[in-house]
Each structure stands twice: as C-alpha cells, then as structure tokens.
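Working notes for the structure below.
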2 protein chains.
Amino acid sequence: MNGVPSRSASSRTGVTRDDVARLAGVSAAAVSYVINGTKKLSPETEERVADAIRKLGYRPNRAARALRLGSAETLGIIVPDATNPFFAALTHEVEIAAGRRGYSMIAVNADELAAGYDAHRLEMLVSRGVDGVILCTSPSPDDAGVLEAAGVPYVTLNQPGTGTRRTSVGVDLREGARIAVEHLAQHGHRTIGLIAGLSSEGAREEREAGWRAAVQQLGAMPGALEWSPFTPAGGYEAGLRMVASGELPPALFVSSDQLAKGLLKAFHEHGVRVPEDVALVAFDGTEDAEYCWPPLTTVAQPVAAMAEAAIEALFDGEGAGATQVFAPVLVRRQSCGCPRDLPAQSG
Amino acid sequence: MNGVPSRSASSRTGVTRDDVARLAGVSAAAVSYVINGTKKLSPETEERVADAIRKLGYRPNRAARALRLGSAETLGIIVPDATNPFFAALTHEVEIAAGRRGYSMIAVNADELAAGYDAHRLEMLVSRGVDGVILCTSPSPDDAGVLEAAGVPYVTLNQPGTGTRRTSVGVDLREGARIAVEHLAQHGHRTIGLIAGLSSEGAREEREAGWRAAVQQLGAMPGALEWSPFTPAGGYEAGLRMVASGELPPALFVSSDQLAKGLLKAFHEHGVRVPEDVALVAFDGTEDAEYCWPPLTTVAQPVAAMAEAAIEALFDGEGAGATQVFAPVLVRRQSCGCPRDLPAQSG
DNA sequence: CTGAAAGCGCTAACAG
DNA sequence: CTGTTAGCGCTTTCAG
C-alpha cells in the first residue's frame with residue numbers, strides 16, 4: 001500500500017512552528033500561544049508572530065496536534081446509502097453543523113449489507129481517531145461494541161427504536177404516519193394502504209404500528225400492505241405487485257419519497273392515475289418529492305434540526321439514553337388530491 | 001472550541017504498541033514490523049505478537065502514524081453540491097476507489113459560492129494533511145494556489161476545460177452532445193434546442209459548442225437556448241421561460257438529469273407532452289432519470305470508471321497536464337420518443 | 001533476526 | 001509576560 005507520491009515526512013508545507021518562532025524571534029511556545037489563544041501575549045509579540053505566520057504561509061500540522069491532543073477534530077458518519085437523497089441531505093446538514101464547530105466529517109457507507117461490514121468500517125473510523133460518530137444505521141451489538149470498547153461516543157440519527165443506551169435523535173414515526181393517514185382521510189378515503197420500507201433494521205414495527213393505529217383511530221380500514229426495500233426500485237416492485245394483485249386501495253401511505261418515486265413509475269406504466277385512482281402521501285420531505293409527477297405530498301423530516309441536534313448531543317456529552325424526537329410536518333402537494341397552489345396550512 | 005467529551009490524550013483505546021510488546025515479550029519495534037510487514041520475523045514471534053494484539057484489542061494510533069509518515073492516508077474531495085445525485089454518486093464511487101487503497105475521504109461542499117470560499121475549504125483540507133484532493137469544482141487560481149503551495153497533488157474530476165496543468169478526468173462533452181443530438185435527429189427532429197447548465201465555471205462554451213457543432217453537422221437547426229442553474233429548480237425555471245416564449249422546439253438536449261427533472265415539471269404543468277410535443281435527451285445518467293415520467297433518455301457518464309481513474313491519477317504521481325476523457329453512452333428510455341422495452345443498441 | 005533510540009510537530013505544565 | 005521541556009504513539013535506521 002504505497003500511497004500518493006510521498007513528499008518526505010515533513011515537506012507537507014516545509015514550514016513548522018519552529019521556523020515561525022525563529023523568524024518572529026520568539027520561542028516556539030509563543031507561537032502556539034498566539035495560534036491557540038491559550039495565553040495572552042503582548043500585542044507587539046502577537047503581531048510579530050502573526051506576520052511571520054503570514055510571511056511563511058505556516059499552517060499547523062494537524063497530525064501532530066491530533067497526536068498531542070488525542071483528538072483529530074473529526075467526526076465519522078455512517079449511512080446505509082449515501083446515494084439516497086435523504087441521506088445525502090442529512091449528511092450534508094451534519095457536515096454543516098460539524099463545520100460550525102471546526103470539525104470535519106468522514107462519511108462512510110454501510111453499503112454492503114454483509115454482516116460485520118459495518119463493524120469493519122467502524123473500526124476504520126475508530127483507528128482514524130474520530131472523536132465521535134453518527135450512526136444512521138441501527139447499531140448491531142457488534143457495532144456498538146466496537147465503539148463502546150474504544151470509548152468513542154456516538155449517537156444514532158434517524159434510527160427509531162434502537163435498543164442501545166445512547167442518545168438517539170429521530171423523527172416521530174407514529175406521528176408521521178398519523179399525519180399522513182389523517183390527511184388522506186380528510187380527502188375522504190376510508191381505506192388506506194401502506195407501502196413500507198424494508199430496512200435491515202427493526203423499525204418496521206414502528207412504521208406499521210403507526211399506520212395501523214392511525215387508521216384505526218380514524219375509523220378507517222387498513223388497505224393492502226407491501227414491504228419493499230427503501231429504494232425507487234423497491235417502490236417500483238411494490239407498485240407492480242400491488243397492481244397485479246388487484247387490491248389497489250384508494251389511498252396509500254408510502255414510507256419514503258424514494259419508494260414513492262418507484263411507485264409512481266409503476267402506476268404510470270399501468271395507467272393508474274394519481275391521485276384520482278389512488279391518493280398518495282409519502283414520507284421524508286426530500287427535494288425530489290417536489291419534482292415527481294404529480295408532485296408528492298409528503299411528511300417532511302426537519303433534517304437540519306435533526307442534524308444539529310445529533311451533533312449537539314455528541315458534544316454535550318452523553319445524555320445517556322436520551323431520545324430526541326422531532327415532529328414531522330406535512331408538505332401538501334398534489335399526489336394526495338390537494339389542488340395546486342394551496343397555501344400551506346395545518347390540519 | 002472545546003470539543004467532544006475529551007477522553008484524555010491517550011485513552012482512545014488505552015492500549016498502545018508498547019503494551020502489546022510487553023505482553024508478547026518483544027520489543028516495540030517488533031510489533032511495528034508485524035503490523036506493517038516491514039520486516040519478516042520468526043513465525044513464532046509473529047504469532048505471539050498477533051495474539052497479543054488480538055487479546056488487547058490493539059489498534060494502531062493513526063495520528064501518530066500520520067505524524068511520523070507525513071501522511072494521513074486520507075484524500076479530500078470537494079464538490080459543488082453534495083446533494084445533487086450526480087455528485088453523490090460520483091463521491092460515492094470515489095470513496096470506494098479510495099477505500100480499495102486503504103484511504104478515507106473527507107468530503108466538503110463548495111456550497112456557498114462566495115469567492116474564496118473554496119480556497120478556505122481547501123486550506124482546511126490541506127491543514128488536515130490530506131494526501132491529495134479531487135476537485136469537482138473548477139479550480140480558481142486561488143484554489144490551485146493553495147494546493148500547489150502546499151505541494152498537495154490534485155486532479156480535477158468532471159471539470160472540462162480547466163486551465164491548470166494538472167491531471168483532469170472527465171467525460172467528452174462534445175461527444176455527449178453529439179450522441180444526444182444525433183439520437184434526436186434520428187427520431188426525425190430537425191430543430192433541436194438546448195437547456196444548458198449555468199455553472200460558475202467556464203464549461204459553458206464546451207457544452208454550447210458541442211451542441212452547435214452536432215446540430216450543424218447533422219444539417220439540423222439550432223432551436224431555442226436557455227441557460228439555467230444545474231438544479232431541478234433551474235430546469236423548472238428554464239421550462240417556464242421556454243413555454244412562455246412560445247418557442248418550444250420539437251426536441252431538446254438538456255445538459256443534466258437534474259435540469260430535466262425540473263423541466264419535466266414545468267412541461268407537465270403546462271400540458272406540454274413529452275415526447276409528443278417535445279422530445280428530450282438529458283445528460284449524466286443518474287438513477288433518477290429512470291424514475292422520471294416519462295423515463296429520461298440520457299447520455300450517461302461512466303461514473304465509476306471516472307472515479308477510479310481520478311484516484312489512479314492521484315496515486316500514479318502527476319501525469320502533469322494529462323487529460324483523461326471518457327466516452328459517454330446513450331441510455332434509451334422514453335423521453336426521446338423511443339418505445340418502451342427497446343433492447344439497448346447503438347446508433 | 002531483534003532491540004534501542006531518535007525524532008515527526010505540537011501542546012501545556014512549569015520555571016523564570 | 002515569555003521560554004524550556006517533556007512527552008503524545010509510531011516508524012525506521014542502525015547496532016547487536
């Protein structure tokens with residue numbers, strides 16, 4: 001594994017703190033002081049050092065700092081599929097939140113669902129000295145073990161019902177289902193089906209339960225139920241199965257925008273009109289939903305707030321076991337039967 | 001900037017190489033040897049060390065290694081918008097290619113188009129000791145300067161027409177335009193318009209020239225031309241402008257799938273039928289294109305190959321100024337007027 | 001075939 | 001207010 005054309009060890013910039021000290025005519029420590037503001041020096045000295053830094057184009061060596069401090073000021077984030085727009089958005093927001101605190105993110109994909117693969121990726125992150133990790137994948141005992149053993153704090157993001165004793169931030173899935181089902185009911189539908197995402201994790205019950213509860217509470221009927229992977233392809237398959245079965249309910253709650261994209265394709269191909277033949281409310285609130293046809297009514301997750309909260313939790317120290325639940329909000333568009341240009345309003 | 005609950009400096013795992021050496025009853029150096037395979041030791045010693053490592057759960061400290069080696073075995077990648085599925089896919093592929101070589105990626109967004117912002121992000125990457133960076137943003141003199149000054153190798157990815165003397169890998173834009181226009185012409189269209197992406201960079205000429213040349217070469221007529229930001233919203237606006245102008249050409253080459261998504265929305269809203277009223281061929285070949293309605297015929301970039309090539313170039317040392325151009329390929333779907341289920345074939 | 005020792009560049013405690 | 005110093009954990013040359 002011989003890497004990138006290796007400049008020799010210290011030639012990264014060539015200039016070290018000692019060079020700066022020499023040029024400024026102060027001690028090496030003084031340089032550290034002005035850089036880190038550890039100690040107040042005389043303005044004059046400060047000025048001289050700053051000048052030298054500028055002149056030399058000095059940039060502190062992060063590796064040395066990391067070694068000394070035991071922190072690389074880096075966080076890891078692991079998502080099931082970086083290619084899914086929802087996770088792309090989430091990762092992006094997390095990066096911004098981390099950036100505000102001077103931290104960088106190393107993002108890794110859990111991709112290969114092979115057992116133990118996550119743990120492997122996690123090992124990598126840990127050995128890289130990340131100061132914390134955000135898991136957007138529900139931690140298997142293995143995963144959690146790796147992290148716990150290394151003493152690396154973590155929080156789960158968007159992973160409902162994780163059994164660990166760590167902080168977890170997510171959205172209220174049952175409430176989301178309720179909002180969706182309620183809205184569909186308001187459009188006059190009495191039978192409401194569900195297309196649910198098949199995650200490797202155990203959030204399924206929660207989703208299904210939320211839907212069941214909401215349907216029941218409204219005195220409506222549960223319609224057909226399909227489980228499918230959280231991808232457009234999964235939604236497409238589910239749609240195909242549903243039309244083939246001839247059990248198309250008049251309304252459907254689809255548990256992710258990605259799923260809905262695929263569903264729409266299946267429906268278009270088979271002449272099933274949305275919302276006339278079947279009304280749809282999706283979940284997630286990605287930008288994509290706006291550009292489907294018809295534009296998707298969707299229950300949006302407050303992604304930025306969730307990202308901020310996750311980072312916050314990591315920094316705040318372990319609010320052990322705390323669970324932060326955010327409220328999703330309905331974004332009305334046309335897949336549910338709402339007219340275009342209806343100003344947003346609740347209920 | 002006090003960070004994550006800081007375990008004290010060395011408590012990351014607690015166990016250091018010295019602990020391993022002690023338990024195995026060998027010297028510290030021996031441990032390094034078996035880990036890095038620097039030197040062959042007696043199988044017996046090797047075994048003992050391996051055991052100790054396992055028993056202790058030892059994991060080498062990357063920061064120390066980075067400090068010593070002058071390399072963090074990390075690469076940076078900077079994209080204009082991580083939220084754009086095309087870049088998400090590209091980043092993902094790059095991460096995989098880097099991972100194969102034991103490198104991690106730190107991804108940063110150029111986001112805020114504020115001048116100098118990139119340079120700032122780049123500084124961050126450099127100070128982090130990345131061993132190289134992949135620029136998916138065309139390097140301003142500033143950016144290049146930061147990198148050159150620090151002696152950090154970089155390659156540009158997907159940035160046609162960059163003026164630097166660095167390796168650049170991208171797709172043949174003119175050929176892409178040719179393929180698209182030719183296909184549209186084969187559907188019998190004589191006038192072909194263009195919706196082009198407005199990047200902050202200067203790739204515009206290339207795109208426009210490619211289209212002009214192709215149209216001309218086929219003896220067709222250039223139709224309306226719209227420039228718009230590389231986003232669905234941009235495509236939507238462009239679509240709105242085009243229908244408002246009443247100058248809708250019968251065929252359109254759209255220079256990105258994202259743009260096309262927005263365009264489709266505008267067309268749907270105004271009852272413009274695709275492909276009957278206007279035939280579309282897009283560019284990029286993201287998964288999204290498959291789930292538009294109608295499914296988008298698009299000229300696909302070989303993303304994985306490009307990512308691999310970029311990483312390869314970084315590792316191969318500076319193939320100074322070399323430009324690697326990949327050939328795009330037509331993916332036929334229905335937005336151009338092709339029937340469904342037509343088996344792929346060229347021409 | 002193995003071990004001792006010299007730093008990589010930086011921070012922070014401690015002296016002056 | 002400023003400077004000296006002792007490592008952080010690791011790699012690698014050089015003796016044994």
Side-chain angles (χ1 to χ4, degrees), chain A residues 1-3 6-22 24-49 52-53 56 58-73 126-129 131 150, chain B residues 1-3 6-22 24-49 53 56 58-73 126-129 150:
Chain A
M1 200 151 313
N2 57 10
S6 47
R7 294 154 257 86
S8 73
S10 69
S11 73
R12 161 82 49 222
T13 77
V15 19
T16 80
R17 187 204 44 175
D18 285 2
D19 298 326
V20 175
R22 207 167 307 121
V26 300
S27 80
V31 177
S32 282
Y33 294 155
V34 355
I35 289 176
N36 304 313
T38 321
K39 234 167 190 170
K40 210 77 207 101
L41 301 194
S42 76
E44 197 222 285
T45 310
E46 221 149 64
E47 194 44 51
R48 278 222 311 288
V49 172
I53 290 180
L56 262 25
Y58 168 70
R59 208 190 323 281
N61 176 324
R62 248 24 224 218
R65 192 160 201 271
L67 175 56
R68 184 64 236 249
L69 260 26
S71 155
E73 290 165 316
V126 168
S127 92
R128 241 158 178 119
D131 302 295
Chain B
M1 199 151 312
N2 58 8
S6 48
R7 297 152 254 88
S8 73
S10 69
S11 72
R12 161 82 50 220
T13 77
V15 20
T16 80
R17 187 204 43 175
D18 285 2
D19 298 325
V20 175
R22 207 167 309 124
V26 299
S27 81
V31 178
S32 281
Y33 294 155
V34 356
I35 289 176
N36 304 314
T38 322
K39 236 169 190 168
K40 210 76 210 102
L41 301 192
S42 77
E44 197 223 285
T45 310
E46 222 149 61
E47 195 43 52
R48 277 223 311 288
V49 172
I53 290 180
L56 262 26
Y58 169 70
R59 207 191 323 282
N61 176 323
R62 258 6 235 222
R65 191 158 202 273
L67 175 56
R68 184 68 238 249
L69 260 27
S71 154
E73 290 163 318
V126 168
S127 91
R128 234 150 187 125

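Side chains are part of it too, since the values below use all heavy atoms of this structure and drop only hydrogens, waters and symmetry mates. Throughout, protein chains are lettered first and strands after them, A, B, ... in sequence-line order, and every chain is numbered starting at 1.
- Distances from the side chain of B:Asn61 to the nucleotides D:dC8, C:dC10, D:dC10 place D:dC10 closest.
- Following rounding to the nearest Å, A:Ile53 (CD1) and C:dG9 (P) show an atom-to-atom distance of 16 Å.
- The nearest heavy atom of DNA chain D to A:Gly25 and to B:Asn36 marks one nucleotide each, and the one closer to the 5' end goes with A:Gly25.
- Residues B:Ala66 and A:Ala63 come closest through the heavy atom pair CB-CB, 3.8 Å.
- In this entry the distance linking CZ of B:Arg48 with P of C:dT2 reads 9 Å, nearest Å.
- Of the inter-residue distances, the one linking B:Glu73 atom CD with A:Arg128 atom CZ reads 6.5 Å to the nearest 0.5 angstrom.
- As judged by a 4.0 angstrom heavy-atom cut-off over every strand, B:Val31 is placed among residues making no nucleic acid contact.
- Scanning for side chain to side chain contact (heavy atoms under 4.5 Å, CB included) contacts around B:Thr45 gives B:Val26, B:Leu41, B:Ser42, B:Val49, with sequence neighbours left out.
- For D:dT12, neither phosphate oxygen OP1 nor OP2 lies less than 4.0 angstrom from any side-chain nitrogen or oxygen of B:Ser32.
- Remark: A:Thr45 is in phosphate contact with D:dT2, judged by side-chain N or O atoms under 4.0 Å from OP1 or OP2.
- Atom-to-atom, CZ of B:Arg65 to P of D:dG9 comes out at 16 Å; the value is rounded to the nearest Å.
- For A:Ser42, the listed nucleotide lying nearest its side chain is D:dT2; candidates were C:dG9, D:dC10, D:dT2.
- Sequence order on DNA chain C of the closest nucleotides to B:Ala64 and B:Pro43 puts B:Pro43 first from the 5' end.
- In this structure, A:Asp19 atom CG and C:dC8 atom C1' are separated by 14 Å, rounded to whole Å.
- Distance check: B:Arg22 CZ to B:Leu56 CG gives 9.5 Å after rounding to the nearest 0.5 Å.
- In this structure, the CG atom of B:Leu69 is 11 Å from the P atom of D:dT13, given to the nearest Å.
- Atom CG in B:Asp18 sits roughly 13 Å away from atom P in C:dG3 (whole-Å rounding).
- When rounded to the nearest whole Å, the span between CZ of B:Arg62 and P of C:dG9 equals 20 Å.
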Please write out the pairs of protein N or O atoms and N or O atoms of nucleotides 4-6 of chain D separated by less than 3.5 Å, giving the distance to one decimal.
none

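- Between the CG atom in B:Leu69 and the CG atom in B:Asn36 there is a gap of 8.0 Å [rounded to 0.5 Å].
- Taking each heavy atom of B:Ile35 and B:Tyr58 in turn, the nearest pair found is CD1-CE2, 3.4 Å.
- Distance check, rounded to the nearest 0.5 Å: CG of A:Asn61 to CG of B:Leu67 gives 6.0 Å.
- Atoms CG (A:Leu67) and P (C:dA12) sit 13 Å apart, rounded to a whole Å.
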